[in-house]
Protein chains: 2
Amino acid sequence: MTIRADRLHVLQVLRGKEPFLGGSALPGGFVRLPEDLEATALRELTEETGLDGSALHLEQLHSYIAADRDPRGPVASVAYLAIAPNLPIPVAGTDAARARWEPLDDAGRASDPLAFDHDQILADGLERARTKLEFTPVATAFCGSTFTMTELRRVYEIVWGVALDPPNFHRKITSTPGFVVETDTHRPLGAGRPARLYRRGTAKVLHPPLLRP
Amino acid sequence: MTIRADRLHVLQVLRGKEPFLGGSALPGGFVRLPEDLEATALRELTEETGLDGSALHLEQLHSYIAADRDPRGPVASVAYLAIAPNLPIPVAGTDAARARWEPLDDAGRASDPLAFDHDQILADGLERARTKLEFTPVATAFCGSTFTMTELRRVYEIVWGVALDPPNFHRKITSTPGFVVETDTHRPLGAGRPARLYRRGTAKVLHPPLLRP
DNA sequence: TCAAAAGTGTTTATGCTACACCCATGC
DNA sequence: GCATGGGTGTAGCATAAACACTTTTGA
């Protein structure tokens with residue numbers, strides 16, 4: 001997932017073979033032993049999209065095994081959720097040419113149904129992302145290495161689909177130990193007072209949490 | 001997991017074959033298609049322990065695949081967390097005779113190291129249980145079909161390892177919509193005023209959550 | 001000097017903690 | 001009556017929402 005143009009987007013690939021030839025799906029592939037699950041997720045992501053995996057947040061989401069989820073037969077899938085800043089997709093590579101960022105509507109659904117049970121996986125991933133924003137600083141994974149308080153607030157507003165009060169948000173973030181550290185540089189936007197730039201802090205969990213309204 | 005004699009216990013089985021013959025492990029086994037993952041977890045639990053699976057809470061925890069986690073070679077494990085009231089383990093069945101409830105110490109560890117990477121799985125499961133108590137009514141899964149407010153509070157105190165103020169706990173639970181529904185019966189304990197009995201409500205999540213101190 | 005966006009102060013309401021106190025039962 | 005555990009009331013403190021207001025820039 002990423003945020004582009006104030007919209008939440010999900011990475012999709014066009015399938016090049018049956019089943020669901022020509023349909024949209026989440027990127028994925030098979031484990032190549034002896035690599036572990038996280039290495040598989042990272043490798044498939046970079047192979048199919050050309051995205052740089054070093055900057056993104058990656059976590060295991062859920063495992064899906066059911067007899068009818070793949071017409072070829074039983075397939076066990078371990079889904080991972082990746083969160084990245086707004087990165088351009090390279091178009092050079094063969095596989096990467098089939099990848100694209102697809103916006104989600106207000107209900108959090110893709111415009112077209114996805115192959116297999118990937119709509120369910122996407123729904124689970126979105127709910128996980130919404131929850132994780134409450135208790136971890138993972139919102140910074142949507143931003144670059146430095147970001148303004150307004151950019152961080154937009155992450156929350158877009159992922160949660162709500163409006164937040166800028167003054168109160170600013171205070172909550174800065175009063176949560178280890179969430180962000182302020183730099184002494186600012187970013188002018190053309191109009192208005194330049195915003196201070198922040199960097200991620202070292203906290204792994206938020207005390208107190210930032211609960212959804 | 002269950003609670004016995006004011007201590008958190010985890011279900012263990014004695015391994016009957018190599019590797020780790022004679023050692024302790026979490027109960028488990030292989031998927032038998034076309035059953036899905038949850039059916040596998042439930043079947044293995046009842047086969048190896050004789051416990052009644054109809055009353056317990058069961059949820060997927062995490063998937064573990066790494067080249068070195070099983071000496072026989074790469075094995076993919078999908079761990080499930082089960083929470084049950086204090087049930088006796090039948091001793092009649094062949095497999096069930098090897099199962100027992102093992103208490104966890106204050107740090108949440110088993111007395112002896114478990115086979116494979118099961119100590120890690122146990123630690124992940126305990127952390128999941130502690131977190132789930134905050135946001136869902138799953139604490140009622142440790143209790144019988146009816147329970148007193150003190151029994152429910154003891155669940156929180158034992159799983160979290162903290163002391164809670166009884167009056168404030170009582171108010172928090174009863175003011176959280178759908179957590180519990182009161183019955184009109186009471187349970188005398190020999191000394192003191194009889195405690196009112198409650199039943200689980202219909203809520204799936206707690207609003208507001210019951211955060212750890 | 002004005003518009004725009006960032007950030008601070010302040011009021012008010014709400015919730016939570018600590019603990020005093022009352023209730024209902026067995027002995 | 002009195003000990004014991006269940007349950008309610010309440011004062012004081014901390015937190016959070018709403019919004020007025022100040023700051024800092026570009027035009």
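To find a chain, count down the sequence lines: A is the first, B the second, and so on, and within it residues start at 1.
Across all strands shown, B:T150 has heavy atoms under 4.0 Å from sugar-phosphate atoms exclusively, and none from any base. Counting any heavy atom pair closer than 4.0 Å across all strands shown, B:R196 reaches sugar-phosphate atoms only and no base atom.
Comparing B:P208 and B:G192 by the nucleotide of DNA chain C that holds the closest heavy atom to each, the one mapping nearer the 5' end is B:P208.
Remark: B:H186 is not in phosphate contact with D:dG6, judged by side-chain N or O atoms under 4.0 Å from OP1 or OP2.
The residues B:R212 and B:E127 are annotated as salt-bridged, a charged nitrogen and a carboxylate oxygen being separated by less than 4.0 angstrom. Ion pairing of A:R153 with A:E151 is absent here, as no side-chain N (NZ or NE/NH1/NH2) approaches a carboxylate O to less than 4.0 Å.
Ranking C:dA4, D:dA18, D:dA16 by closeness to the A:K172 side chain, first place goes to D:dA16. With D:dA18, C:dT25, D:dT24 as the candidates, the nucleotide lying closest to the side chain of B:P194 is C:dT25. Side chain of B:P167, nearest nucleotide from D:dA16, D:dT4, C:dA20: C:dA20.
In terms of polar N and O atoms assigned as donor or acceptor, the side chain of B:R171 comes within less than 3.5 Å of the base of D:dG9 in a complementary pairing.
When ring centroids are compared, A:Y156 and A:F142 stay outside the 6.0 Å threshold.
For CZ of B:R109, the number of neighbouring non-hydrogen atoms (other residues, nucleotides, ligands) closer than 6.0 Å is 12 at most.
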